[in-house]
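Encoded as structure tokens, the structure appears first; notes follow it.
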Amino acid sequence: MKESFRPRVVARLDVKGPSVIKGIQLDGLRVVGDLSQMAKSYSGSGVDEILIMDAVASLYRSEHLLSAIQEAAESAFIPITVGGGIRSVDDAKRLFGIGVDRVAINSKAIEDPKILSDIADVFGDQAVVLSVEAKSVSPSVWNCFYESGREDAEINVIDWIRKASSFGVGEVLLTSVDCDGVLRGPDLNLLSHVSEGSPVKIVYSGGIRDAKDILNCFKHPTISGVAVGSALHYGRTNVSDLKSELFGNPNSNGEASY
Amino acid sequence: MIGVIDYKAGNLGSVTSALDHFGFKFELLQKPPHQKKFEVLLLPGVGHFGHAMANLNREGFRDFILESNADGVSVLGICLGMQLLFERSEEAPGVAGLGFFPGEVINNAEKGKQATRIGWSDVQFQGELSSLSGEYFFAHTFQAKPINNEEVLGTYEWGSTRVVAAVARENIVGVQFHPEKSGLRGLKFLEQSIAKLSLLGRF
């Protein structure tokens with residue numbers, strides 16, 4: 001018998017300032033739209049969640065970006081997760097204060113995993129996401145990276161997930177750096193390697209093209225969701241079609257427009 | 001007029017945004033007001049049962065909520081706010097909740113599985129609200145166990161069990177999910193439940 005919620009479809013928006021950008025393997029900057037407009041459009045589309053990742057990790061100092069996020073949060077009425085440059089409980093508090101539901105943390109957690117429990121103790125572990133950037137360093141070996149996939153933390157992905165989970169994490173966001181933005185499907189080897197050993201549910205991100213790619217990810221019971229970026233931003237697919245194929249219902253959270 | 005209790009347990013932005021969306025008049029309360037003029041008190045919340053009750057007690061909200069309800073004011077609790085309507089929670093041993101619903105709040109934990117549940121689940125409502133049955137968004141580590149079965153308003157399926165998703169008695173309602181994060185259906189739920197609670201004074 002199924003003891004889990006149905007897996008989620010998450011719209012991933014990588015941002016620089018108030019603009020949504022799209023890179024290849026977390027690098028490169030091509031502007032694809034305005035954050036608040038795109039967030040509003042996705043939230044009306046029936047998507048299950050919006051993920052906003054600050055590619056230049058400036059969340060702690062960009063007022064412009066913060067107000068765009070606030071606007072998105074106030075009109076979305078679906079969960080919003082934000083990551084990129086969150087380095088303290090105060091950074092997280094500020095984001096929760098503007099309507100963000102969950103914070104995704106990578107670099108600071110690698111430096112000091114106590115940041116995870118510090119935030120979880122106050123806001124609950126469901127508010128904390130461990131952001132993991134996985135890059136292959138040799139066949140079937142993935143390390144954790146940071147600085148948008150450029151710096152090698154020299155720790156094995158599954159070892160890190162197991163260690164960090166004990167600090168109070170609601171979910172892992174696993175981004176395949178190799179597959180990000182390339183639109184050639186997910187890294188299924190990475191998924192096989194990681195999903196059995198993770199004590200916590202995982203949202204996968206990187207390379208998703210269509211419902212078939214998503215279904216392949218959903219085969220792993222530890223996967224609680226899949227994030228889609230380029231395929232949505234470039235119109236290769238849309239939320240309604242994805243949800244129809246995946247769940248038989250284009251918009252399970254009600255009608256599309258309100 | 002809706003009184004939204006701000007007891008530093010999470011962000012109120014989406015809740016107040018939703019109230020604005022429907023044109024409900026509301027006031028954010030950091031302290032109990034001198035004059036009581038509300039039809040509904042809304043208790044939102046995310047975080048820790050113990051810290052939340054400590055904040056409510058310290059600000060005088062505990063008495064305010066209990067006395068207001070005794071005077072006929074309706075109460076709507078969301079997520080942690082719903083859990084506070086119960087007698088106690090495993091999350092904070094020894095701490096008394098508001099006690100509107102007989103029963104306790106327990107950890108979701110199952111052997112070897114993650115206790116925290118994040119995601120969308122199908123809620124089946126009883127009675128008049130059954131047309132609002134469908135998916136809602138949950139993010140919870142604890143769940144309510146009401147003693148009185150007739151106070152269960154809605155449940156969701158988890159394995160071979162049903163988990164309490166909503167409770168109601170007279171003019172007090174609690175929901176474990178986040179209606180302000182559950183898309184259009186969530187907004188409709190908020191609109192209808194608040195309308196019923198303010199106009200009819202009962203559920």
Side-chain angles (χ1 to χ4, degrees), chain A residues 1-9 43-49 70-71 73-81 93-102 120-129 165 168-171 198-201 203 222 224-225 247 249 251-258, chain B residues 8-18 20-22 45-49 51-52 79-80 91 108 110-122 132 134-142 156-161 163 177-191:
Chain A
M1 276 226 128
K2 208 105 213 277
E3 279 192 348
S4 56
F5 292 143
R6 64 139 175 97
R8 294 147 30 224
V9 175
S43 58
S45 71
V47 82
D48 295 324
E49 181 175 337
Q70 180 166 6
E71 219 185 297
E74 281 171 0
S75 58
F77 304 116
I78 55 173
I80 299 199
T81 299
K93 215 179 253 182
R94 182 149 17 111
L95 287 167
F96 294 134
I98 62 173
V100 169
D101 297 288
R102 308 196 299 154
D121 285 345
V122 180
F123 297 99
D125 61 6
Q126 79 287 335
V128 180
V129 176
S165 298
V169 156
E171 220 166 33
S198 174
V200 154
K201 297 277 191 187
V203 171
T222 325
S224 52
F247 310 119
N249 182 345
N251 193 331
S252 50
N253 36 28
E255 283 138 51
S257 55
Y258 50 72
Chain B
K8 300 189 192 38
N11 174 253
L12 301 174
S14 300
V15 166
T16 54
S17 218
D20 268 332
H21 183 83
F22 292 111
V46 171
H48 191 278
F49 189 97
H51 299 160
C79 197
L80 175 65
E91 188 172 28
N108 289 339
E110 299 155 89
K111 245 191 320 204
K113 285 190 145 196
Q114 186 184 358
T116 297
R117 301 176 190 175
I118 298 169
W120 293 79
S121 194
D122 233 300
L132 283 172
E135 288 195 334
Y136 290 84
F137 179 75
F138 291 80
H140 71 122
T141 308
F142 291 82
Y156 72 79
E157 188 181 85
W158 187 265
S160 54
T161 65
V163 179
F177 53 84
H178 285 275
E180 76 285 10
K181 296 284 168 186
S182 297
L184 181 67
R185 183 177 290 109
L187 287 179
K188 276 188 189 153
F189 178 89
L190 264 178
E191 182 194 28

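All chains are named by letter (A, B, ...) in the order of the sequence lines, taking the proteins before the strands, and each is independently numbered beginning at 1.
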Looking at B/W120 and A/R8, would you say the former's side chain and the latter's main chain have a donor-acceptor pair under 3.5 Å?
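Not a single qualifying donor-acceptor pair exists.
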- Quick check: does any side chain N or O of B/Q114 sit under 3.5 Å from a backbone N or O of A/K201, one acting as donor and the other as acceptor?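 It does hold such a pair.
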By a 4.5 Å heavy-atom criterion (distance strictly below it), what part of [X] contacts chain B: side chain, backbone, both, or neither?
X      : answer
A/P79  : both
A/V122 : backbone
A/V203 : neither

Look at A/E49 together with B/K181 and state whether they make a salt bridge at an N to O cut-off of under 4.0 Å.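 No.
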request  = Please flag which part of B/Y156 lies under 4.5 Å from any non-hydrogen atom of chain A: side chain, backbone, both or neither.
outcome  =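 For B/Y156, the contact with chain A is made by the side chain alone.
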Residue B/S14 versus chain A: region with a heavy atom under 4.5 Å: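 Answer is both: backbone and side chain atoms of B/S14 are under 4.5 Å from chain A.
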Do the side chains of [Y] and [X] get nearer than 4.5 Å, heavy atoms only?
X      : Y     : value
A/F123 : B/V46 : no
B/P179 : A/F77 : no
A/E74  : B/T16 : no

Measure the [atom1]-[atom2] distance between [X] and [Y] for me, rounded to the nearest 0.5 Å.
X      : Y      : atom1 : atom2 : result
B/S160 : A/E3   : OG    : CD    : 6.5 Å
B/I118 : A/D101 : CD1   : CG    : 10.5 Å
B/K113 : A/S4   : NZ    : OG    : 6.5 Å

**Report entry** Residue among B/G13, B/A18, B/G119 with most heavy-atom pairs under 4.5 Å to chain A
**Finding:**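 With the most close heavy-atom pairs to chain A, the winner is B/G119.
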Next item on the list: May I ask you to name which of A/G99, A/A73, A/G124 has the most heavy-atom pairs under 4.5 Å with chain B?
Entry: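 Top count of heavy-atom pairs under 4.5 Å with chain B: A/G99.
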- Query: Using a cut-off of under 4.5 Å for heavy-atom pairs, which of A/E171, A/R102, A/Q126 has the most such pairs with chain B?
  - Reply: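 Most pairs with chain B among the choices: A/Q126.
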With B/H51, which residues qualify under side-chain contact (heavy atoms from CB on, under 4.5 Å), at least two apart?
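In terms of side-chain contact (heavy atoms from CB on, under 4.5 Å), with neighbours along the sequence ignored, B/H51 is linked to B/H48.
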